Structure formats: structure tokens, C-alpha cells
Amino acid sequence: MLQRAIHSALRSRQGVSMPPQIDHHFAWQPGQPVRLTEFAVEVAAQAMFTIAPDGQILNANRTACERLEYPREELVGLHVADIDPLYPRESWPAHFEELRQCGQAIFPTQHRTRSGRIIDVEVSVSYFEFEGKEYCCSSVRDISEQKRAESLARLQHDVLSLVASGEPQHHCLNRLCSLVEEIVPQSLASVMLLENADHCLRFEAGPRLTDEIREAFEPLPPGLHSGSCGAAAHLKRPVLVEDTRTSPHWARLQHVVDRFNLLACWSLPILCDGGRILGTFAISHSRTAVPDECEMELLETACSLASIPIRRSKEQEELQQRHNELAHFSRVSTMGEMVTSLAHELAQPLSAILNFSEACQARLLTVNADGVDQIARYVDQICQQGRRGGKILARMRDYVRRTSPRKSTCEISRMVTEALELVAHELRHRNVEVRIDKGESVVVQVDRVQIEQVIVNLVRNAADAMESVASDRRILDIRTFFSDGNVVLEFADRGPGISEDESDQIFSAFFTTKPSGTGMGLAICRTIIEDHGGVISVSNNELGGATFRVSIPLVEQEGPHGPQNDSVRR
Ligand code: ADP
């Protein structure tokens, strides 16, 4: 670093080999002027050092001693490498040689205080000769404040950009931790989140966390004796533990302190607007340490930045939850209309069961060897019809009951067939003929109930639309096929189609042209399909009716909520 800085200084100061003020003060002017200059150097606001060609510190002024926390007699005699971690001892001769060549240089570096604290500094160094000997004199400006402001600005910019570009919560928080670790060297930054299921904290981010550390802490119940994070989550205020070996919060975690050498841990609670605890942001050290004003500001900034992606993802979860509830409500509300259909669907197997049972009874009266075989066949029929009735009921129950989405592997045309069974009677009753063109077999990872809900909605809408046309024209063509990495479902009816005005609105909630419509069906369909990473659209077909097109991606897609879909063509 010094070499680079010296080179650039050389370029900018060509021809200047020795700064004029050095000659002026020290060249052969003994007595008063020198003592005055010595005094001025001693009381200067910047840290000043005189350094020998071998890198040994020959003199340091008061500011240097105070800033580096050394008594003068200890600081004088140290090597530059002892106070500057970026200046290795072995490269000193080369640095000095360059300095000898260029005369002056200004460069940023770091100084380490006696207690190990790192300060960002800017060094202005000058080479000079005095009474036949070589020296350099450096004046050191503390630029930690400026660096810290830059780092905080970068931290905010980087994390907010990630959040704005829709990166998943985990990525945003990991980046935040990495940036904090860059600003506070040798620290370990982490974010824990409170899980609703068991009300325990678990790590969500922390690029330097090892599996062993995770296992040792997780799950962490909030509480006064659950380390800094558990206590911060419990108390809902910062818990800054300077020495984990003596803190009561860490008394029960001493085995972890020893094993991972976690000697200090500062944790802040991450709260939502209502004051509910979402998690914690923490910085740990392998040395005892208490945060200074700057570190405290960094902790607070990092904590409020962490809350942004966490809150966003919570809001998305809640929105998703509301969509699920709405979809559930919509399924339940259409159930009333489907009950007639259900009754008819069940009537068939029930009457078959009854007929076969009666036939059994009649046959039992005149039973012989042949009769036993026949009774066995009847009983077999009874079982089959019973199972069929059971399946119809199970499908209805599935369709209505569940609210939380659950993806499973489903064959697409089978889903169409099963969804149609739910409305089979209604379609027969309304004279709607359904023709299915199943393309090649495709399996997709979808929420079966939700996709069946979309199919039922589109089929019932098509039946509604075809009410106004002659009954021999009420034909609904359903096609399933594979196109451009998507599985596509097409529903083409022969109703009046959709006007240009309406086509913009039909997917909006509450838009309906039906006297008893809710206008929620297509809005829910769109939400469900978009949750699967897909698209739903409508256009008018050549027969004048409407064609609804649903396409769901087949390949695995990494979306904000992880993989969207994982599907296979057979
Ligand atoms: P609802 O069925 O309760 O009206 P939807 O959201 O399912 O709610 O449908 C919204 C509107 O879209 C319907 O009222 C109708 O005007 C129009 N629509 C839906 N499907 C069709 C179709 N296949 N043909 C013509 N118009 C349709």
C-alpha cells in the first residue's frame, strides 16, 4: 500500500527530493528555533513521529502517545510494524528506499492502539537528513470518522439496493453481516430470527458462522440466561456484553464461550412497528470489548437495516396468508352451489350399493354353489362402489378444508380429470360437453388443490358464459400441452367472448357481470397461478368464445421465496 502511495506521490511531485521546511528548521540552526519547533511538534493536534531508517520509532509527540494509548517511553523504541498492521517489518527497507527516492508521500493506512483497537489514519511522511543521518518524519491524521461515514453510507446503499431489487431476505442479511464484519475487523456478525412455531431464535444470516456454532446455540429461547441475543429478545433492548465469562446472561453458556472463544457479544433486538420482536442483530468478538460510540452507531444502523428485509418478507408471508384464506373462502362459498352436483355424484354409487345389497339378500334365500360365486361378485361391486363414493367425498373434503399451500408432484391432465369430477353433474345438467385433448404426460410440482380450484373456476365460468348459446353449441375444449418450458392449460369455450373493455378488468377483484357473481374467481385464479411462477391470460377464439390460457413454468426457478417449481416431462 505504501509502495503504491509513494509511486503516486512520486508521479505528482517529480523533481522534488526534499521538502524545503526540513532544511529550514533543522539545518544548522541550533538553539531557540529548534526548541520552539520541538515544542510545536509536541503540542501539535496531529500525531507526529520521527522514524529511523530501520523503522524504529525515535520520537512521538503527545497526540501520538494519547491516540495510541502508550506511555512515551514504551512507544519510543517500537518498530513501525508494531503500530501499523498493514506495514510488515520485512518490507520496511524497500519502503524506506522508495521514500528516500521520492522525498514525500501521503497514504491511508491503519494504526493499532495498545489495547488492540484499530484506527483508520492518513499518513504524510517526509524523508530528511540531519547531521549526516537519515530519518523520516510522519504526521498522522485520524480519518476513522470519515471512513466510518463512508462505510455506513456504503452499508446503507448496498443493503437497500439489494432489498429494492427484491433479493431474498437471507441474501440481504448475509451481505449486511459481511459489510459489518469488514467495518469491525475480526468480528462475527449474525442475525437470528424468532420463529413463531416454537418461539425460539434461529440463525438466519452470518457468513462466518460455522455449523458447530449454529448447532451449539439453536434453538435459542428468549430469556435472561440465553446469552446476549436471548436476553436482547427477552428484554427488547440492547444487551452489550463486554466479557461473556463474567456476564450472568452467559452463565449457562460457558461451555460455548470456551469452545468458540466468544469473549464479547453485543446484541440488539430487531423490532417491528408494533414493538413485536422479530429477531436480533449481534456482533461477537474473540476478545473482551465494549462498543465505542462509532460501533454503537454502526450496530444501530445495521439493526434498522436488518429490519427492512425481515419486515418485507413478513409482509409477503402475511399477504400470502390472506390470499390463501381468500382462496379458501372462495372454495367454501362455491361449495353451496356444488352440493347438488355432489349429491348426484354420490347418488350413483349409493344406489348401486343398494341394488347389489338387495340382490345379495335375494340370492341368499336360494343359495347354492353357483349362488355363492354370484354373491361374491355382488359384494365385490358393493366394495368398489363404496370406494368410489368415499373418493368423491375425500376430494370434496380436500377441496374445501385445507388453507395452507402444499406442493406435491402431480400429473397435469389427471388434475384436469379430477377437477372435472367435482363439477361433472353441473356440466351434464347444463348440457355442457367437455372435450379434453391431453398432450404428452407432464408432471409438475404444484399445490394440487389450488390448481384444481383454478380449473373448476375456469370451467364454471365457461359454463356460465355458454348459458346464452344453443345447447348443442355448449362445448368446452380443454387442452394440456408443453410449450417453451411451460405446461399450458387452455380452456376454449363457445360463449360470447370478452369485449376489449372487459378484458382489462376481468382479473381485477370484484369485477363481475353476473347478477349473483362475486367477481373474485379470476382474481384468485391469477394470484394462485402467479404464486406458482406462472401466467394466466385470455383472448377471444375463432369461434367467438373466450380462451383462457394458464401456463406454469416447468423448470426450477429461483424466486423470492426459493424454488418456484420443480417439474418433469415424461
Ligand atoms: P364471477 O364469476 O363471480 O363474475 P370471475 O372473477 O370468475 O367472477 O369473473 C369475472 C367476470 O369475467 C365475469 O363476471 C364475466 O363477465 C367475465 N368472464 C369470466 N369468464 C368468462 C368467459 N369464459 N367468457 C366470458 N366472460 C367471462
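Whatever order the structure lists them in is the order used to number ligands and atoms, beginning at 1. On a predicted model such as this, the values are computed, not experimentally measured, just so you know. One-based numbering along the sequence shown.
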Quiz prompt | Option nearest atom 20 (N) of ligand 1 (shortest heavy-atom distance, choices N461, L476, V459) | solution = N461
Can you pull out the closest protein heavy atom to [atom]? Residue, atom name and distance to 0.1 Å, please.
atom	result
atom 24 (N) of ligand 1	A465 CB, 3.4 Å
atom 4 (O) of ligand 1	T512 OG1, 2.6 Å
atom 21 (C) of ligand 1	F548 CE1, 3.8 Å
atom 11 (C) of ligand 1	F511 O, 3.8 Å
atom 2 (O) of ligand 1	K514 NZ, 2.7 Å
atom 16 (O) of ligand 1	T513 OG1, 2.4 Å
atom 23 (N) of ligand 1	D493 OD2, 2.8 Å

Side chains of [X] and [Y]: do they bring a donor and an acceptor to under 3.5 Å?
X	Y	result
S228	W266	no
S187	E181	no
E315	S313	no
E502	T513	no

Is there a donor-acceptor pair under 3.5 Å between the side chain of [X] and the backbone N or O of [Y]?
X	Y	result
N540	I498	yes
R549	I536	no
T409	Q445	no

Quiz item: Any side-chain heavy-atom pair from L179 and R154 closer than 4.5 angstrom?
Solution: yes
Quiz item: Are any non-hydrogen side-chain atoms of D472 and N431 less than 4.5 angstrom apart?
Solution: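 Heavy-atom side-chain distance check fails, nothing below 4.5 Å.
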So is there a nitrogen or oxygen of [X] less than 3.5 Å from a nitrogen or oxygen in ligand 1?
X	answer
E502	no
L522	yes
G519	yes

Atoms in ligand 1 with a heavy atom of [X] nearer than 4.0 Å:
X	value
G521	5 (P), 6 (O), 7 (O), 8 (O)
T518	3 (O)
G517	3 (O)
I506	12 (O), 17 (C)

Quiz item: So is F491 in contact with ligand 1, going by heavy-atom distances below 4.0 Å?
Solution: no
Quiz prompt | G497 heavy atom under 4.0 Å from ligand 1 | solution =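 Judged by the 4.0 Å heavy-atom criterion, G497 does count as contacting ligand 1.
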I'd like to know if [X] and [Y] make a salt bridge, using a cut-off of under 4.0 Å between side-chain N and carboxylate O.
X	Y	value
R414	E418	yes
D493	R474	no
E426	R460	yes

Practice problem: Pick one of side chain, backbone, both or neither for how I498 approaches ligand 1, counting any non-hydrogen atom pair under 4.0 Å. | Solution: side chain
Practice problem: Answer with side chain, backbone, both or neither: which part of D464 has a heavy atom less than 4.0 angstrom from an atom of ligand 1? | Solution: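 It is neither part, as no heavy atom is under 4.0 Å.
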